[in-house]
A.B. asks: 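Got a structure for you, questions after.
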Amino acid sequence: MTSSAQPDNSLPLDMIIFGGMGDLAMRKLLPALYMAHLHGNLPAATRIISTGRQDFNREAYLAFVEEHSRSFISDGNFADDAWRSFLQRLEFVRVDVQQDDLSALAKVSREGAIRVFYLSTAPSLFTTICEKLSAAGLVDANARVVLEKPLGSDLASAVDINEAVGKHFAESQIYRIDHYLGKETVQNLMVLRFGNSILEPLWRAPNISSVQITVAEEVGVGSRAGFYDGTGAMRDMVQNHLLQLLCIVAMEPPASLAPDAVRDEKLKVLRSLRRFNLAAIARDTVRGQYIRGASGNQAVPGYLEEKNVPPDSGTETFVALRTYVDTWRWSKVPFYLRTGKRMERRSSKIVVEFANPPFPLFPETPGGVANRLVIELQPEEAIKLQVMAKQPGSGMHMQQVELNLDLHSAFTQRRAEAYERLLIDVVRGRLTHFMRRDELEAAWEWADPIINGWGALNEKPRSYAAGTWGPSESFALLARDGFSWFE
Ligand code: NAP
């Protein structure tokens, strides 16, 4: 294993993308690198070396990027001269990692540069790529590797990937990406919690009565059925994105912002998540699969009618569950997680519900949740605090109003996209917003029994019409505790 070293950011940088012609590279990575270039956030001597199996020379690759990537940069951010100077940074190396060694790449990559290897391929290629990078002498103490999800399909496969990559890279060189951790509002939640003192005394049981985390997609499975049908919502969304969000809500204050200080606290949360037995799985989880319905005003097919989905597929496109963080702080506070495809609309949010006042002093107004902190992640990022206020006029009628922490008007600075922010972190050697090996494995340790339990219980997904908020069992899950999903 290569020893870790403090990154030296004055060195030239070679950003080497495996899967450099793939969907992720075109839609997210190159546009994010362009934005970093536009705003002067890449070291001057940066080159981006894309690899792929096409028999392309550099000119053909640049034409491919023009055609497939440029349109993902918004008009407001596109500048002709910046785009041209960005393209000058690009190189292309043809390589089939299953057949070729990486000597062609070694010839192009500069000796002494910081090498960032972005593995934007199927994870089944990660082991081969890492072995061949080492064999080609490309992995030195300054090298970094970025791993895209999915990082395994269960604990055993995640361990395999971690072992294989860990043979060639020290843990401090490995950046496991979860783009939710790159979102401004998610990072801001840490500032809100730990940069202020007013929330901390309240941020615990019994002051908080429940936490909801929703990541709802409006789209269906689209062209991803080949991948998705073997995966499902639990592995694709809950095990990674939703648990990472839960960690940020539930973690104890870290001793510093050093990567391991933050990741130690997240790990403690993951290890404190209550384990599911079969009875809890049957009672506290809901699997769903969308059937035909409407998205907007458009009729859309059900999951089983989508291209490349087996007609008898039992894959879940929706999960809702209730879980607990078994610590003093969170004792008896339910955490409700929910994610799904073909929901009524795209909406990701964290909702922290505070306990109601102990005595109803204003009986003219019917009850309800008095205070919520709502952290919206998608489609817009916003933080809102709901409080009760007196309606003007006679009597003491209350009404809920929102204290809107409007970050867009508070800050004039540009807000970078998650991938751009995380790529800049990689370039600068900042690991705080990336998952450590033990975090990833702890998340699978929690998720595996649920997935296996569904199999053991022969739990078929419940149907829900496309364009709705999921099966009725998901509403019942909260209703029996006296809560409801906050849309
Ligand atoms: P993709 O479009 O299928 O691209 C995969 C890339 O891998 C292609 O460029 C392909 O090269 C390359 N590749 C496959 N076999 C190869 C080989 N033997 N040697 C060299 N290159 C090889 O997939 P993607 O959607 O970009 O996803 C890439 C990774 O990111 C996956 O792990 C995916 O799960 C993850 N991810 C993707 C998204 C997304 O929005 N797309 C989101 C989150 C995570 P060719 O061009 O030669 O076929």
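Keep in mind it's a predicted model, so treat the numbers as computed, not measured. In listed order, ligands and their atoms are each counted from 1.
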A.B. asks: Distance alone, cut at 3.5 Å: any donor-acceptor contact between the side chains of Trp485 and Thr214?
C.D. replies: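 The criterion, which ignores hydrogens and geometry beyond distance, is not satisfied for Thr214 and Trp485.
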
A.B. asks: Of all residues at least two apart in sequence or in a different chain, which pass the ring-ring contact (aromatic ring centres under 6.0 Å, His included) check with Phe126?
C.D. replies: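 So Phe126 forms no ring-ring contact (aromatic ring centres under 6.0 Å, His included) with any residue.
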
A.B. asks: Report the residues that fulfil side-chain contact (heavy atoms from CB on, under 4.5 Å) with Pro471, sequence neighbours left out, ordered by chain and then residue number.
C.D. replies: Val286, Phe318, Arg462, Tyr464, Glu473

A.B. asks: Using side-chain contact (heavy atoms from CB on, under 4.5 Å) as the criterion, point out the one residue from Arg437, Lys167, Glu171, Arg436 that pairs with Asn162.
C.D. replies: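 Of the listed options, the one satisfying the test is Arg437.
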
A.B. asks: Are there any N/O pairs under 3.5 Å between ligand 1 and the protein, and if so, what are their distances?
C.D. replies:
unit_1   : atom_1 : unit_2 : atom_2 : d
ligand 1 : 2 (O)  : Asp23  : N      : 2.9
ligand 1 : 9 (O)  : Gly22  : N      : 3.1
ligand 1 : 18 (N) : Asp96  : OD1    : 2.8
ligand 1 : 19 (N) : Val97  : N      : 2.9
ligand 1 : 26 (O) : Asp23  : N      : 3.1
ligand 1 : 26 (O) : Leu24  : N      : 2.8
ligand 1 : 32 (O) : Thr121 : O      : 2.8
ligand 1 : 32 (O) : Lys149 : O      : 3.4
ligand 1 : 34 (O) : Lys149 : O      : 3.1
ligand 1 : 40 (O) : Arg27  : NH2    : 2.6
ligand 1 : 41 (N) : Asp23  : OD2    : 2.7
ligand 1 : 47 (O) : Arg53  : N      : 3.1
ligand 1 : 47 (O) : Arg53  : NE     : 3.2
ligand 1 : 48 (O) : Arg53  : NH2    : 2.8

A.B. asks: Would you please name every residue forming a side-chain contact (heavy atoms from CB on, under 4.5 Å) with Ser272, sequence neighbours left out?
C.D. replies: Val325, Thr327

A.B. asks: When the aromatic ring centroids of Phe56 and Tyr61 are compared, is their separation below 6.0 Å?
C.D. replies: no

